[in-house]
Amino acid sequence: MSAICDGRVVVVTGAGRGLGRAHALAFAAQGARVVVNDLGVGLDGTPGADSPAAQVVAEIRAAGGEAVAHGGDIATTEGARSLIAAAVETYGRLDTLVNNAGFLRDRMLVNLDEDDWDAVLRVHLKGHFLPLKHAAAHWRSEAKAGRTPVARIVNTSSGAGLLGSLGQGNYSAAKAGIVGLTLVAAAELARYGVQVNAIAPAARTRMTERTFAETMAAPTAGFDAMAPENVSPLVVWLGSAASEGVTGRVFETEGGRVTVMEGWRAGPSADKGARWDPDEVGDTVRKLLARAESPGAVYGA
Ligand SMILES: NC(=O)c1ccc[n+]([C@@H]2O[C@H](COP(=O)([O-])OP(=O)(O)OC[C@H]3O[C@@H](n4cnc5c(N)ncnc54)[C@H](O)[C@@H]3O)[C@@H](O)[C@H]2O)c1
């Protein structure tokens with residue numbers, strides 16, 4: 001039986017553990033050759049002993065698949081450039097990029113240091129932009145050479161970026177930024193044969209096991225709804241040729257559930273046709289709000 005990623009070459013960032021590892025193994029199980037990136041950092045981004053990417057490559061090879069490791073920092077130009085080059089130089093092509101790497105530095109905003117703001121914005125937002133930029137440049141050259149690819153990018157946002165999350169101002173801002181990046185990339189890159197979507201996952205990984213210890217506990221029997229492997233089938237499908245026509249979308253996914261997230265759109269509106277007075281605009285805004293849908297609750301509020 002043919003697998004849905006036969007012949008495809010897939011790059012997954014932060015694939016040494018957690019969700020990225022599950023995605024890499026799932027792509028390989030569906031016939032893809034995989035570049036497994038991981039810098040091997042701690043939960044807060046501090047340097048770790050070594051990259052766990054080689055271990056995931058060994059797992060893929062042991063199961064009969066093909067993979068190579070890349071240990072670079074995806075939030076640097078050299079790390080992103082060499083990551084995309086690793087796919088093209090090793091396997092002669094690139095079909096799918098999954099942006100997944102990241103870490104947390106949670107603090108309430110009044111206590112959030114500038115360094116913790118910068119580090120989290122850098123790893124998530126710049127760490128999505130740079131691999132995306134280098135992959136897009138490769139696909140643009142392919143398209144211009146008459147070889148328009150069937151290319152896919154899957155970005156990783158979060159419920160924190162969609163609704164906000166207490167104590168995660170830096171992370172929520174970065175993950176909301178990833179949604180904006182996804183929308184623009186989908187619109188700009190369509191002409192080169194590239195589809196770009198984002199997921200907002202939830203799963204038990206080292207990133208969440210402390211925060212959600214009780215809900216994340218593995219069941220002793222039955223379906224383990226919080227296993228990271230539950231998120232990967234959607235990522236594999238979005239990263240395959242089978243998702244033709246799906247782009248610029250955001251999906252929440254956890255356990256056995258997939259939800260299409262419906263984003264900002266114009267709600268109740270009023271137009272005076274002239275400049276408002278502050279009092280008058282205030283009265284109008286209150287009337288509009290009475291007719292508008294309430295936003296979802298901020299996580300943790
Ligand atoms: N686990 C969840 O419930 C959840 C929820 C929403 C969003 N996410 C997002 O999913 C993604 C994966 O998270 P996870 O839970 O698997 O976390 P994780 O800590 O298990 O895995 C993240 C991996 O990224 C790697 N990494 C960090 N910085 C890197 C860099 N600069 N270059 C290369 N690799 C780097 C780490 O070494 C680590 O192996 C993250 O973007 C996270 O924000 C996770």
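Ligands are counted one by one from 1 in listed order, and the atoms in each one are counted from 1 as well. Here the structure is a predicted model, which is why all the values come from computation and not from measurement. By convention here, the first residue in the shown sequence is residue 1.
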Should one rank N155, D73, V56, V41 by closest heavy-atom distance to atom 30 (C) of ligand 1, which comes out on top?
->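 That would be D73.
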
Below 4.0 angstrom from a heavy atom of [X], which ligand 1 atoms are there? Numbered from 1 as shown, please.
X: H124; value: 41 (O), 43 (O)
X: P201; value: 4 (C), 5 (C), 6 (C), 7 (C), 8 (N)
X: N100; value: 10 (O), 11 (C), 12 (C), 40 (C), 41 (O)
X: S158; value: 6 (C), 7 (C)
X: Y171; value: 6 (C), 7 (C), 8 (N), 9 (C), 42 (C), 43 (O)
X: M207; value: 13 (O), 15 (O), 17 (O), 42 (C), 43 (O)
X: G18; value: 16 (O), 20 (O)
X: A202; value: 3 (O)

Using a 4.0 Å heavy-atom threshold (strictly under), name the region of [X] that reaches ligand 1: side chain, backbone, both or neither.
X: L104; value: neither
X: S157; value: backbone
X: T208; value: side chain
X: T156; value: side chain
X: K175; value: side chain
X: V123; value: side chain

Short N or O distance, [X] and ligand 1, threshold 3.5 Å exclusive:
X: A75; result: no
X: L43; result: no
X: L19; result: yes
X: T205; result: yes
X: G20; result: no

Is a side-chain N or O of [X] found less than 3.5 angstrom from the main chain of [Y], in a donor-acceptor match?
X: H124; Y: F103; value: yes
X: T90; Y: A87; value: no
X: Q55; Y: P52; value: no
X: S240; Y: C5; value: no

Charged N to carboxylate O below 4.0 Å: is that the case for R122 and D73?
->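 Here R122 pairs with D73 in a salt bridge, since their nearest N and O are under 4.0 Å apart.
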
Pairing of E229 and R21 as salt bridge, 4.0 angstrom limit =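 R21 and E229: salt-bridged.
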
Looking at ligand 1, does [X] have a heavy atom less than 4.0 Å from it?
X: G45; result: no
X: A203; result: yes
X: G159; result: no

For the pair Y91 and V68, evaluate side chain to side chain contact (heavy atoms under 4.5 Å, CB included) and give the outcome as yes or no after the intermediate values.
-> CA-CA 10 Å; Y91 298 122; V68 289; 3.7 Å; yes

Step through the shown structure and confirm whether more than 12 heavy atoms of other residues, nucleotides or ligands are within 6.0 Å of CZ on R249.
->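 Counting other residues, nucleotides and ligands, CZ of R249 stays at 12 neighbours or fewer.
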
